[in-house]
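The sequence lines fix the lettering, A, B, ..., with proteins before strands; numbering per chain opens at 1. Note: hydrogens, waters and symmetry copies are ignored here, and every other heavy atom, side chains too, is used.
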Number of protein chains: 2
Amino acid sequence: MGKVLRGRSGRRRGAPDTKGEILAAARAVFGERGYDGASVRAIAAAAGVDPALVHHYFGTKEKLFLAAMEIPWDPALIADAIADDSTGVGVGERAIRTFLSVWEQPAGRGPILALLRSAMQHETAALLLRQFVTRAILGRALVAFQGVPDGALRAEAMVSHLIGLAIVRYVVKLEPLASVSDEELVRLVAPVLQRYHDGPFEPGE
Amino acid sequence: MGKVLRGRSGRRRGAPDTKGEILAAARAVFGERGYDGASVRAIAAAAGVDPALVHHYFGTKEKLFLAAMEIPWDPALIADAIADDSTGVGVGERAIRTFLSVWEQPAGRGPILALLRSAMQHETAALLLRQFVTRAILGRALVAFQGVPDGALRAEAMVSHLIGLAIVRYVVKLEPLASVSDEELVRLVAPVLQRYHDGPFEPGE
DNA sequence: GGCTAAATTCATCATGTGTTGAATAATGCG
DNA sequence: CGCATTATTCAACACATGATGAATTTAGCC
C-alpha cells in the first residue's frame, strides 16, 4: 500500500527497468483505451512514475506509441505457424488456432488490441496496422496460398474475418460468441476459413 | 467562401433546419473521428454554428451522440432483406449484398462507422453497438437460421465476418480488398458466408 | 572522495476540451 | 404594434492534455 507514492525527486536506488515498466504500462493503457484515449499521465500513473519521465525516455507520445507497438511476440513465428503445411490440418484450422493462441492471453492481446483500437481513430496507427498485416502476417503466410488464384485476395478476406472475430469476441463482447470455448470456436470457424483456400472463385461463376 | 462567418449574434432569418444540420455534421464527424476524437467544437464548425448551440439543442455531447446514432436507414428493412427467403439466392449472398448496399453509400456508412469507431473506445458506444446488432439485425435475421442448430452462434459469426470486412475495406483500407468491385466481393464472400448456414457443426466432429 | 552523467520529480505553459449563463436578434401570436 | 418565445452567438470557467526546463537525487568512473 502506498508504493505509488515514491516521494521526493531524484534518482531511485538500485537499477530498476523503469523504461520497460513504462512500455508495459503503455501497452496496457493503449490497449484499453486506444491512442487518443490513453493519456501520458494515465500511462505514467500505471507505471508509478512522473509524466515527465515518459517524455524524457520517449520524447513524444507518438514515439512512445510506436515503441510500445514493437510487439512482444514474433510475427514471423505467427506467420510461419499459419504457413506450415506439415501438420495434417488445413490452413483454416491453423489460422484460427494461431489466432486464438495470441488473443487468449492478455500479454499477446495487448499490443494488437491497442493497434486495432488506435487504427480506428488515428491514421498513423491505421498505416501501422496496414503495414503490420501486410508485411508481417500476409507476406509470409501467403506461401500457403501459392498456386491458388487470387491468393492475396482470399488471404486478406480470411484475415478480415479474424479481425471481425477479435472485435466481436474481445471488444464488443457479443454473446454467445464472446464466451464460447476455444475448441467450439475452432470447429465453427475453421471449415469456413478453409473454404477461402479450397473453394472455387471464378469471375464468371 | 466566407459562408461560415455568420457574423453577429441573434436569430437567423428564415427557418433553416439547423438542428438537422447539426445532426448531419455530428454523424459525419463522429464517423470520421469516433466519439472521443470528435469535439463539439469541430461538429459545430462543420455545421457552421456556434458550439453553444449544440448544447442548447442536445444538452450534452453524449446525448448528441445518441441522437446522431438514430440511424437514417431502417434496420428492420435491412434485417428483412437478409431474412427474406423468397429470392433464389442463399443467405450468404443476401447478407453480403445488403451489407454492401449500406456501406457503399456514405450516407448509410456514416452512422455505423461512427458506432463502430466509437465502440472501440467508449463502453457506452460498445453497449449501443451490441444492442443494435443483437436487437435490430440479429433479432430479425435469425428467422433465416430457424431450425439450424446453434443458429445464433452461426449468425453472429457471420456478422463478425461482415464487421471485419467493413474495417479492412473502409477503415484500414487493405489492398487489394479495399478496391475490389462489389460484384467480385459478392462472389468471393457469399459462398463462404453461406457455409455458416449450411455447413455441419457437430460438437464431436 | 570528487565529479560527471543519468534518473527522477516539480512547477509550469499553452492549448483544447465540455459546459454554462448572459446577451442579442428574429419569429410569431395576441 | 407589443411581447413572449425561440434561435443564435459571445465570453468565460474549470479542467485535462502534451510538452518543457530547471531542480534534485543517485550511480558509476577516475
Separation of atom [atom1] in [X] from atom [atom2] in [N], rounded to whole Å:
{"X": "A:D50", "N": "C:dA6", "atom1": "CG", "atom2": "C1'", "result": "16 Å"}
{"X": "A:L64", "N": "D:dA19", "atom1": "CG", "atom2": "C1'", "result": "14 Å"}
{"X": "A:K61", "N": "C:dT15", "atom1": "NZ", "atom2": "C1'", "result": "14 Å"}
{"X": "B:D36", "N": "D:dC15", "atom1": "CG", "atom2": "C1'", "result": "16 Å"}
{"X": "B:H55", "N": "D:dA12", "atom1": "NE2", "atom2": "P", "result": "19 Å"}
{"X": "B:R33", "N": "C:dG18", "atom1": "CZ", "atom2": "C1'", "result": "16 Å"}
{"X": "B:E62", "N": "C:dT19", "atom1": "CD", "atom2": "C1'", "result": "14 Å"}
{"X": "B:H56", "N": "C:dA23", "atom1": "NE2", "atom2": "P", "result": "17 Å"}

Checklist entry - 5'-most contact on DNA chain D: A:G37 or A:G59, nearest heavy atom basis? => result A:G37
Next on the checklist: With a 4.0 Å cut-off on N to O distance, would you call A:E183 and A:R97 a salt bridge?
Outcome noted: yes
Next on the checklist: What's A:A44 touching, base or sugar-phosphate or nothing? Going by heavy atoms closer than 4.0 Å.
Outcome noted: nothing
Item to check | Pairs involving residues 167-182 of chain A, ordered by first then second residue, that meet side chain to side chain donor-acceptor pair (under 3.5 Å) (sequence neighbours left out) | outcome: A:E104-A:R169, A:E104-A:Y170, A:R169-A:D182, A:E175-A:S179
Checklist entry - Looking at residues at least two apart in the chain, or sitting in another chain, which of them share a side-chain contact (heavy atoms from CB on, under 4.5 Å) with B:S160? => result A:H161, A:L165, A:V168, A:L177
Next on the checklist: So does B:Y196 get a backbone contact from the side chain of B:R154, meaning a donor-acceptor N/O pair under 3.5 Å?
Outcome noted: yes
Item to check | Short side-chain to backbone donor-acceptor contact, B:R117 and A:M120, under 3.5 Å | outcome: yes
Item to check | Distance below 4.0 Å between B:S39 side-chain N/O and C:dT17 OP1 or OP2 | outcome: yes
Checklist entry - Between A:T18 and C:dA7, is there a side-chain N or O to OP1/OP2 distance below 4.0 Å? => result no
Next on the checklist: Could you check whether the side chain of A:R41 and the base of D:dG18 have a donor-acceptor pair of N or O atoms closer than 3.5 Å, going by distance alone?
Outcome noted: yes
Checklist entry - Taking the side chain of A:L53 as heavy atoms from C-beta outward, which of C:dT19, D:dT8, C:dT9 is closest to it? => result C:dT9
Item to check | Among D:dG21, D:dA7, D:dA19, the one nearest B:Y57 by side-chain distance | outcome: D:dA7
